[in-house]
Amino acid sequence: QFTVCLRKNEQTIYQQVLSVERPHKLQSWNWGYCGEYGFYHALYPRAWTVYKLPGQNVTLTCRQISPIIPHNYMDTSLPVGVFIWEIENQNEEDLEVALMFTLRNGIGTKDDQKGGHWNEPFHFSKEDDDISGVLLHHAAPVNNYTMAISARHKQGLVISQQTEFNPNGMGQEIWKDLLQDGKLDSLPGKGKQTDKGQVIAAAIAATCLVPAKKQNVVEFCLAWDMPKIYFGSREKEHARWYTSFFGTSGDAAPALSHYSLTHYKQWEQKIDDWQRPILENGQLPDWYKSALFNELYFISDGGTIWLQVTDDLNITHGLTIRKDGLPPLPKVMKEYGRFAYLEGQEYRMYNTYDVHFYASFALIMLWPKLELSLQYDIAAAVLKEDNTQRIHLMNGRLAKVNTSNVVPHDIGDPDDEPWERVNAYLIHDTADWKDLNLKFVLQVYRDYYLTDDVTFLKDMWSICQAVMDSELKFDTDGDGLIENSGYADQTYDGWAVTGPSAYCGGLWLASLCVMCKMAEILKEEEEYKKYKDILERGKEAFERILWNGKYYNYDSSKKCYANSVMSDQCAGQWLVRACDLGEGEYEVFPKAHILSALKTIFDLNVMSFASGTMGAVNGMRPNGTIDTSSVQSDEVWTGVVYGLAATMIQEGLVNEGFKTAEGTYRTVWEQLGMAFQTPEAYCKKNIYRSLAYMRPLSIWSMQLALDKMHEQLDLSDTRICK
């Protein structure tokens with residue numbers, strides 16, 4: 001929390017907590033800043049908060065910076081944030097301005113009151129650059145950490161601190177301390193360890209002169225150092241990736257803070273260089289620029305874990321499909337670590353793969369080494385078998401936890417031991433799901449296409465063959481097209497699907513297409529012929545069974561919803577075209593059919609749903625009524641909408657794509673007020689589900705589509721900017 005104190009002629013004239021809240025604790029503080037005098041603007045990984053202090057002729061601008069920088073694997077891993085305060089004095093007289101930064105020792109859990117925590121002041125100097133602050137040591141039973149609040153010294157700036165105070169009390173002592181002279185007492189020495197039931201906080205203040213009609217700048221940093229962690233099982237100790245640069249001893253918070261305060265200007269230059277071409281493109285609407293960058297919050301806020309690996313790690317556990325298959329310790333994993341993020345903050349499974357299929361565009365475009373590392377982990381999990389029996393919730397049947405030669409649903413539960421025990425998902429037995437294997441194959445080729453990493457492609461080839469062979473058993477009639485099994489056996493895990501279907505059938509054909517392309521690259525002629533034969537037969541069956549003259553039917557059952565219009569029916573085409581396939585020798589779906597299907601989706605799922613203002617509903621009946629046959633058919637899935645918009649752009653329907661995506665952005669970020677907690681799903685009645693979800697990162701597929709088609713399409717049509 002930040003507080004400002006203004007002084008003139010050695011008298012305090014204004015002291016205010018910079019928060020609109022009025023909490024029940026610290027009631028001696030002047031809370032309740034008037035929100036009409038505050039403005040917030042976010043463009044991740046930066047944000048600006050402007051405070052026009054009422055009646056004071058003083059404007060404060062706090063610029064928040066996180067070092068989330070594409071292709072920078074050191075700084076992006078750092079557990080830090082910087083707060084740069086610009087102080088503008090519009091008065092005719094000089095002012096002394098103090099900014100106080102306060103932080104509680106802990107994160108608001110019961111663990112905060114277990115005792116044994118302590119704070120201490122610190123000073124860190126390197127290369128004639130000094131910082132001062134307070135360390136907050138949190139002695140948890142497991143996963144100890146230290147937080148640091150600090151400010152950077154400069155001429156004319158005084159940094160003072162209060163090592164500890166009670167954040168649950170009235171707060172009168174520290175409030176009066178600042179009020180008296182714009183500084184804190186700065187008692188020397190570290191504080192005592194807390195007793196059981198006791199909670200402590202710390203404060204630092206940076207005080208400077210701001211001449212009349214002039215400005216000044218104060219620089220703060222927040223750092224948190226938890227170098228080693230255990231997951232819930234407490235079986236193995238892991239070192240976080242940033243410790244490759246700052247060590248694992250647990251004393252890195254001062255060095256992290258100093259590094260941040262002396263490098264944030266370089267970070268901002270790199271962020272500017274990355275974002276400027278998009279921000280200055282007047283042909284792109286402002287809402288899109290906001291969505292594109294701000295949805296990236298989930299890369300760091302998605303329960304993310306980024307770990308070092310040890311030299312003796314063997315991800316295959318000695319299991320192989322063929323001798324030249326997966327390496328025991330891939331080079332990219334050794335050099336860039338292991339990466340995992342949750343499906344959502346409410347759905348706690350790491351690297352949920354059917355969803356990562358959508359979200360992965362952000363990783364492969366911005367941090368490709370992390371995407372490749374993640375892919376090696378998924379490939380290794382394909383080799384594993386876990387014969388432990390468990391009951392699955394949807395049908396009550398026993399089945400093994402993990403089946404070999406099948407892509408797992410996820411890499412594990414943070415409350416267990418991820419990577420060691422995969423498939424934490426309990427609703428269905430996903431060994432029978434139809435989309436997971438296909439999504440792996442499609443992502444492998446897309447990742448190769450965007451990185452040109454032939455070693456990666458060669459390493460993945462045998463795994464792709466294995467999962468495609470497993471998938472073939474779902475083609476029960478031998479016509480080259482897989483069939484769904486009459487229940488929700490894919491990412492739409494509450495929406496039953498029977499027989500050949502638009503979604504899984506399309507993904508299957510797209511996977512056969514990229515298998516042909518990979519076989520061609522690797523000069524596997526027999527494999528090329530094998531998959532080409534299946535593809536040709538599958539294409540004929542797909543068109544004959546599912547094409548109805550306007551779009552592809554949801555599935556081939558005899559049920560009332562069989563001919564529903566699914567917004568995600570072109571997912572296979574989405575991935576194929578993202579890899580510059582889908583035409584000529586590698587055409588999968590007739591272009592005229594794709595265009596007709598997308599236009600039908602736009603007319604029905606988008607424009608006939610909430611008058612085109614809420615994105616694309618998952619399922620729509622041909623007569624323009626919402627498909628209410630399942631709990632998911634009447635939902636809008638944010639990440640699916642962004643993927644659909646990208647598909648439209650790829651096919652030249654640029655304005656339709658932007659219109660589709662705009663409805664979702666405005667619903668989530670403006671109407672529902674869910675900035676930085678984008679839900680997986682919402683309905684027309686503004687009911688939402690699963691806040692802070694992985695899938696919306698798929699918006700980066702829109703940017704890929706725009707990048708790829710920049711020279712082919714005339715984007716000067718101003719309609720996309722309206």
Side-chain angles (χ1 to χ4, degrees), residues 1-8 12-66 81-91 95-104 108 149 151 167 171 174-175 178-179 182 201 203-208 210 212-222 264 268 271 279 286-287 289-291 293-295 297 301 665-666 668-678:
Q1 181 61 62
F2 286 97
T3 298
V4 63
C5 173
L6 304 182
R7 291 173 57 79
K8 184 168 64 175
T12 297
I13 59 172
Y14 179 86
Q15 188 160 299
Q16 174 71 50
V17 183
L18 296 172
S19 170
V20 298
E21 296 183 1
R22 297 180 183 271
H24 297 297
K25 300 170 184 177
L26 300 173
Q27 291 189 4
S28 292
W29 295 19
N30 183 24
W31 294 89
Y33 182 81
C34 181
E36 293 183 8
Y37 295 93
F39 309 89
Y40 177 77
H41 174 71
L43 197 66
Y44 193 80
R46 292 188 291 178
W48 295 258
T49 311
V50 180
Y51 305 87
K52 294 184 177 293
L53 304 184
Q56 305 304 315
N57 286 326
V58 172
T59 299
L60 308 175
T61 302
C62 178
R63 190 167 79 257
Q64 303 162 234
I65 308 155
S66 297
V82 175
F83 304 87
I84 308 304
W85 286 85
E86 297 180 359
I87 308 164
E88 183 180 355
N89 177 13
Q90 294 117 355
N91 290 287
L95 288 177
E96 185 181 78
V97 180
L99 286 163
M100 181 173 71
F101 184 7
T102 51
L103 186 70
R104 173 179 173 138
I149 53 175
I174 188 172
W175 186 260
L178 184 67
L179 191 69
I204 60 171
T207 308
C208 63
V210 186
K213 304 294 184 179
K214 299 287 186 180
Q215 297 179 336
N216 210 334
V217 176
V218 177
E219 303 155 306
F220 289 102
C221 180
L222 169 64
Y264 77 85
E268 288 199 280
I271 293 168
L279 297 178
D286 288 343
W287 67 261
K289 299 169 185 177
S290 171
F293 293 116
N294 286 327
E295 289 290 3
Y297 81 93
D301 197 31
Y665 171 81
R666 295 200 184 280
V668 171
W669 288 76
E670 297 177 357
Q671 302 303 317
L672 296 178
M674 291 180 176
F676 303 108
Q677 51 183 340
T678 310

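Residue numbers run from 1 in the order of the sequence given. All heavy atoms count here, side chains included; hydrogens, waters and symmetry mates do not.
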Where the side chain of T61 meets the backbone of V50, is there a donor-acceptor pair that is under 3.5 Å apart? no

Between F101 and F220 (judged by ring centroids, cut-off 6.0 Å), do the two rings come close enough to count as a pair? yes

Output for pair (L43 CG, K289 NZ), nearest 0.5 Å, gives 10.0 Å

Can you find a pair of side-chain heavy atoms, one from D301 and one from Y44, that are under 4.5 Å apart? no

How long is the straight-line distance from CG of L6 back to CG of L95, given to the nearest 0.5 Å? 6.0 Å

Atom OH of Y37 with >12 non-hydrogen neighbours under 6.0 angstrom: no

Go through it in stages, so that I can follow the logic: the residues are W175 and V17, the test is side chain to side chain contact (heavy atoms under 4.5 Å, CB included), and I'd like the CA-CA distance, side-chain angles, deciding distance and then a yes or no. CA-CA 10 Å; W175 186 260; V17 183; 3.7 Å; yes

Which value, rounded to the nearest 0.5 Å, describes the distance between E219 atom CD and I84 atom CD1? 5.0 Å

What are the two closest heavy atoms between P45 and I271, and how far apart are they? CG-CD1, 3.6 Å

T59 to Q90 - nearest heavy-atom pair and separation: OG1-NE2, 3.2 Å

For the residue pair A205 and L178, what are the closest heavy atoms and their distance? CB-CD1, 4.3 Å

Do any pairs count as a side chain to side chain donor-acceptor pair (under 3.5 Å) and have a residue in residues 21-33, sequence neighbours left out, and if so which ones? Q16-N30, K25-N168

Mind checking what makes salt bridge (Lys or Arg N to Asp or Glu O under 4.0 Å) contact with E86, not counting sequence neighbours? R63

Just jot down the ring-ring contact (aromatic ring centres under 6.0 Å, His included) partners of Y14, sequence neighbours excluded, or say none. none

State whether a side-chain donor-acceptor pair under 3.5 Å links E96 with T207. no

Quick check on the 6.0 Å ring-centre criterion: do F39 and W48 meet it? no

According to the salt bridge (charged side-chain N to carboxylate O under 4.0 Å, His left out) rule, which pairs have a member within residues 27-54, sequence neighbours left out? R46-E268, R46-D272

Partner set under salt bridge (Lys or Arg N to Asp or Glu O under 4.0 Å) for K214, not counting sequence neighbours: none

Backbone of M100 reached by a side-chain donor or acceptor of Q1 within 3.5 Å: no

Check: N294 side chain, S290 main-chain N or O, donor-acceptor pair, under 3.5 Å: yes

Would you say S66's side chain and G81's backbone share a donor-acceptor pair under 3.5 angstrom? no

Angle between ring planes, Y51 versus W85, binned at 30° and 60°: parallel, tilted or perpendicular? parallel

Hey, does M674 have a side-chain heavy atom less than 4.5 Å from the side chain of W669? no

Only counting residues at least two apart or in another chain, list the ones meeting ring-ring contact (aromatic ring centres under 6.0 Å, His included) with Y264. none

Smallest heavy-atom separation, C5 atom then Q15 atom, equals SG-OE1, 3.3 Å

Heavy-atom donor-acceptor pair, N57 side chain to N89 backbone, under 3.5 Å: no

Between N91 (side chain only) and K213 (backbone N and O only), is there a donor and an acceptor less than 3.5 Å apart? no

Step-by-step side chain to side chain contact (heavy atoms under 4.5 Å, CB included) determination, N216 to V97: CA-CA 9 Å; N216 210 334; V97 180; over 6 Å; no

Shortest non-hydrogen contact from A201 to P167? N-CD, 3.8 Å

Of all heavy-atom pairs linking A203 and T102, the shortest is CB-CG2, 3.5 Å

Which is it for V217 and I87 under the side chain to side chain contact (heavy atoms under 4.5 Å, CB included) test, yes or no, and what are the steps along the way? CA-CA 6 Å; V217 176; I87 308 164; over 6 Å; no

Heavy atoms, side chains only, cut-off 4.5 Å: are T3 and L18 in contact? no

Would you check if L60 and F2 make a side-chain contact, meaning some heavy-atom pair closer than 4.5 Å? no

